[in-house]
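Just below is one structure, and these are the notes that go with it.
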There are 2 protein chains.
Amino acid sequence: MSMNIGEAAKASGVSAKMIRHYESVGLFPEAVRTESGYRQYTDKEVSTLRFVRQSRDLGFSIEQIRELLGLWQDRMRPSRQVRALAQAHIEELDEKLKELQSMKATLEHLVHCCHGDDRPDCPIIDSLAQERRGQEKSPTAATGLGHRRTTGLQVGRRARQSA
Amino acid sequence: MSMNIGEAAKASGVSAKMIRHYESVGLFPEAVRTESGYRQYTDKEVSTLRFVRQSRDLGFSIEQIRELLGLWQDRMRPSRQVRALAQAHIEELDEKLKELQSMKATLEHLVHCCHGDDRPDCPIIDSLAQERRGQEKSPTAATGLGHRRTTGLQVGRRARQSA
DNA sequence: TGTCGACCTTTCCACCGTTGTAAGGTCAAG
DNA sequence: CTTGACCTTACAACGGTGGAAAGGTCGACA
């Protein structure tokens, strides 16, 4: 019933490191401690951790998860709110997707044009070196890649390890 | 012909901030300075900066750009090498894409299932709270979203501003 | 000459989420 | 009593970029 942080990590899929981190940023209430200062977790907390992990796996940010946790714990919440949150996140994902797809398309085009042999001439390098002064009003220029930087949605995580 | 960092930034589309940064991490040779310490740039350096920016816009990492710059400046390079680099990057983009698409698909499914009204019951929340203990050998489970964390390719940038 | 504003300089901090490392305390088994 | 697995905290690092502070420089204008 009561376990140390390592066990909670294993059970929830959230690393001990991150459990402490989530606690420190207030995503998580401070855990009960033993006399010697060890954090103690119950199944209930492990469930919450699992909730957090599932949310992270869907790409929600810490702040969004904070909201999701609030909605989860509010048994009276209108499902509308949850849906709106998810919908908004989908749109963020979509922006990212479009950007990556655009990059990929441009690269694929270039790779396609490059014979890729021992000769030095290379359309890929040439294209990168080109002036291609865009940044005019219409972003959908030549390659379809507006040079605009993106929105900054956190997306990547590292390789897995549970504890 | 010779310009301050602000002008070089405007001309290349790389912010003054980042020009200094690139120099500090050795992506860029140290610029010539005036007596009073101002960096001076020529059109040649601006071209290089533009090359860097184009590469960033295609999602190449600093390290990859370091290689690209090397290949660019080596007039003898086999185009094969450039192509391989681009190809590898396409594969990274692809991994990211797959992950985001998977997230999006899962979310869309959930959003679709949620009526999104004033009632509190919500399949989205329920799904997040579910145990769904996967992490077995085969990742392609229920939702199609293996919970594995990803590879960590740098993808997002901030909103644009040129100088 | 003084001074103003636009520019430049460096250094440090913040973001985001996660990992690593260091230097220590605790616990249970041998 | 020692060993090793665990726990604790505090700090730095990774991507790449922006921001702010605190100062020096430059050109123009009175």
Side-chain angles (χ1 to χ4, degrees), chain A residues 2-10 13-25 27-28 30-41 52-53 55-66 92 96 99 147-163, chain B residues 2-10 13-25 27-28 30-41 52-53 55-66 89 92 96 99 148-163:
Chain A
S2 202
M3 42 185 143
N4 284 344
I5 198 169
E7 284 174 276
K10 216 170 289 178
V14 179
S15 74
K17 203 89 189 181
M18 291 314 295
I19 296 178
R20 295 194 194 98
H21 177 64
Y22 290 152
E23 182 186 298
S24 84
V25 298
L27 184 62
F28 224 75
E30 296 199 5
V32 173
R33 307 279 189 127
T34 64
E35 285 183 14
S36 53
Y38 284 22
R39 290 173 179 81
Q40 291 300 119
Y41 297 90
V52 171
R53 186 171 70 80
S55 306
R56 291 289 307 132
D57 285 347
L58 288 180
F60 286 102
S61 70
I62 300 293
E63 285 317 305
Q64 286 171 321
I65 295 175
R66 206 187 293 276
E92 294 173 330
K96 276 275 154 244
E99 191 191 358
H147 26 39
R148 106 198 62 279
R149 264 73 174 173
T150 39
T151 47
L153 164 63
Q154 239 293 350
V155 154
R157 241 87 81 246
R158 298 284 124 55
R160 144 239 294 315
Q161 63 78 265
S162 33
Chain B
S2 203
M3 42 186 144
N4 284 344
I5 198 169
E7 285 174 275
K10 218 171 288 177
V14 179
S15 74
K17 203 87 189 185
M18 292 313 296
I19 296 179
R20 295 194 194 97
H21 177 65
Y22 291 151
E23 182 186 297
S24 84
V25 298
L27 184 63
F28 224 75
E30 296 199 6
V32 173
R33 306 282 188 126
T34 65
E35 284 183 17
S36 54
Y38 284 21
R39 290 173 181 81
Q40 291 301 119
Y41 297 90
V52 171
R53 186 172 70 80
S55 306
R56 291 289 308 131
D57 285 347
L58 288 180
F60 286 101
S61 71
I62 300 293
E63 285 317 305
Q64 287 172 320
I65 296 175
R66 206 186 294 276
H89 183 44
E92 292 172 332
K96 276 278 154 242
E99 190 193 358
R148 102 198 67 277
R149 264 72 172 175
T150 40
T151 46
L153 165 63
Q154 240 294 351
V155 155
R157 242 83 86 247
R158 297 285 124 55
R160 124 175 19 289
Q161 62 78 265
S162 34

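Keep in mind the model is a prediction, meaning the values are calculated, not measured. Note on naming: letters A, B, ... go to the chains in the order of the sequence lines (proteins, then strands), and numbering restarts at 1 for each one.
Taking both residues in full, the closest heavy atoms of A:Ile62 and A:Leu27 are given as O-CD1, 3.8 Å, listed atom of the first, atom of the second, then distance. Looking at every heavy atom in both residues, B:Ser15 comes nearest to B:Ala9 through C-CB, 4.0 Å.
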What is the per-nucleotide protein-contact pattern of nucleotides 7-13 of chain D, from the 5' end, where B denotes a base atom under 4.0 Å from a protein heavy atom, S denotes such proximity for sugar-phosphate atoms only, and - denotes neither? SBBB---
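Between the side chain of B:His89 and the backbone N or O of B:Leu58 there is at least one donor-acceptor pair closer than 3.5 Å.
Both B:Glu35 and B:Glu63 lie close to DNA chain D; mapped to their nearest nucleotides by heavy-atom distance, the more 5′-ward contact belongs to B:Glu63.
One can place CD of B:Gln40 at 12 Å from C1' of D:dT25, the figure rounded to the nearest angstrom. Protein atom CE of A:Met18 is 4 Å distant from nucleotide atom P of C:dT18, rounded to whole Å. Between B:His21 atom NE2 and C:dC12 atom P there is a gap of 16 Å when expressed in whole angstrom units.
In this structure, B:Ser15 reaches the D:dG18 phosphate: one of its side-chain N or O atoms is under 4.0 Å from OP1 or OP2. Note on B:Tyr22: every side-chain N or O is 4.0 Å or more away from OP1 and OP2 of D:dG16.
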Quick one: do A:Ile19 and A:Tyr41 satisfy side-chain contact (heavy atoms from CB on, under 4.5 Å)? Show the steps, please. CA-CA 11 Å; A:Ile19 296 178; A:Tyr41 297 90; 3.3 Å; yes
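Judged as a salt bridge (Lys or Arg N to Asp or Glu O under 4.0 Å), and not counting sequence neighbours, the contacts of B:Glu23 are B:Arg33, B:Arg39.
Checked for salt-bridge contact, B:Glu7 and B:Lys10 miss the test: no charged N lies under 4.0 Å from a carboxylate O.
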